[in-house]
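Take a look at the structure below.
Below, each value reflects all heavy atoms present in this structure, side chains not excepted, and no hydrogens, waters or symmetry copies. In each ligand, atom 1 is the first atom listed, and ligand 1 is the first ligand listed.
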Amino acid sequence: MNLPAQMRCVEITEAGGPDVLVQSSRAVPVPHHGEILIEVAYAGVNRPDALQRLGAYRPPPGASDLPGLECSGRVAALGSGVTQWAVGDAVCALLPGGGYADYATCPAEHALPVPVGLDLKSAACLPETCFTVWSNVVMRGGLKAGERFLVHGGSSGIGTTAIQIAKALGARVFTTAGSPEKCAACEGLGASAINYKTGDFVDILRAEGGADLILDMVGGSYIARNIKAMADDGRMVMIAFLEGPKAEINFAQVMMRRLLITGSTLRPQSDAAKAEIAAQLRAHVWPMISAGKLRVIHDSAYPLAQAAMAHTRMESSQHIGKIVLEVAGG
Ligand SMILES: NC(=O)c1ccc[n+]([C@@H]2O[C@H](COP(=O)([O-])OP(=O)(O)OC[C@H]3O[C@@H](n4cnc5c(N)ncnc54)[C@H](OP(=O)(O)O)[C@@H]3O)[C@@H](O)[C@H]2O)c1
């Protein structure tokens, strides 16, 4: 494949609002040993991209400073030692950064085939949410069939994915969302939805016997309320703190009711840890997608040059599901 020397990309010119996302031009990256170069078709937009733009989520050492944690596209070049992919393969991939560009590199083991029956636009929405949900809900949180699972922010990219994976695993799924429209979308995916502006998830979960597992992205006042909503021996996994990371909680409850509190962020984990998650996704989640048990919920798509509008949309919290950038031709 003939590669150009330069590519379009979107840079974060300084920490700030969506306007600091500016289209620019850079050299096409070269894949190192064990990496692939992807000609990006679509790039997923995620809340951590906005945190990076605000200066609150630094790229790990060695990662591109360009935003973009996931993409779909075609393999354009192979680094030395890569044997599992060929130039031209359709892939979607978890990126260490750099997805808002015509080309991006990643370790070959962090790419997955586009699932059977899915187009590139939908495939771009899978990696960041699937890696995050599977590693936190299943590998860390240990969700099992028959358990009661509560995920906050059910209409988010993470939430819509978590609801469907948990349902496919046989859990009873509860979720919170901030409007009747968002609740209806979550119900359509099989969750019992609680409008947190009009109802109390603590009362509802306690009446059901308590949550065996909670996936929380809100933090703040939700931390103490989650503890009240948990069943004995329940687990809580923290993945973000939209309402802040500090809380006053009664740790006697943790002791008396044998609760487990944990959490993780995906991006700083080792390449080997991400490769293990990718292998589990391929074995357990890709078949769910091909079987129609996990659908991508699309909110909107913007051309690469309008990345600022995509961030404005995401930060408005009006969206339901995933936002993508159309890169090829966008
Ligand atoms: N730890 C990790 O590795 C990791 C990886 C990826 C993402 N994340 C985090 O996971 C979260 C979801 O990511 P995403 O890309 O799916 O984002 P997203 O689509 O923008 O979702 C955020 C959701 O949070 C809800 N929300 C916002 N503020 C809230 C508040 N104060 N109280 C309750 N709900 C609130 C919003 O829904 P309502 O309108 O219903 O409130 C919105 O749907 C983000 O916080 C992100 O940073 C963590």
Inset, instruction - Answer whether the closest heavy-atom distance between the side chains of R206 and M230 falls below 4.5 Å. - result: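 Of all side-chain heavy-atom pairs linking M230 with R206, none is under 4.5 Å.
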Legend entry - Sub-6.0 Å ring centroid separation between H152 and Y196: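 For H152 and Y196, the ring centres are not under 6.0 Å apart.
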Legend entry - N136 (side chain) donor-acceptor with V133 (main chain) under 3.5 angstrom: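 Here the side-chain-to-backbone pair does not exist.
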Inset, instruction - Taking ring-ring contact (aromatic ring centres under 6.0 Å, His included) as the test, write out the residues that go with F174, two or more places apart. - result: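 Checked F174 against ring-ring contact (aromatic ring centres under 6.0 Å, His included); zero matches.
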Inset, instruction - Tell me the residues surrounding ligand 1, counting only those with a heavy atom closer than 4.0 angstrom, sorted by chain and number. - result: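 If the criterion is a heavy atom under 4.0 Å, then ligand 1 touches N46, R47, P48, E128, T132, S155, S156, G157, I158, A177, G178, K182, Y196, M217, V218, Y222, I239, A240, L242, S264, T265, L266, M314, S317, H319.
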Under 3.5 Å, side-chain donor or acceptor atoms of residues 80-93 against the rest of the protein: list the pairs with distances, not counting sequence neighbours.
unit_1: S80; atom_1: OG; unit_2: H33; atom_2: ND1; d: 2.8
unit_1: W85; atom_1: NE1; unit_2: A108; atom_2: O; d: 3.0
unit_1: D89; atom_1: OD2; unit_2: A86; atom_2: N; d: 2.8

Inset, instruction - Apply side-chain hydrogen bond (donor to acceptor under 3.5 Å, both in side chains) to D119 and list each qualifying residue two or more places apart in sequence or on a separate chain. - result: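 Checked D119 against side-chain hydrogen bond (donor to acceptor under 3.5 Å, both in side chains); matches are S122.
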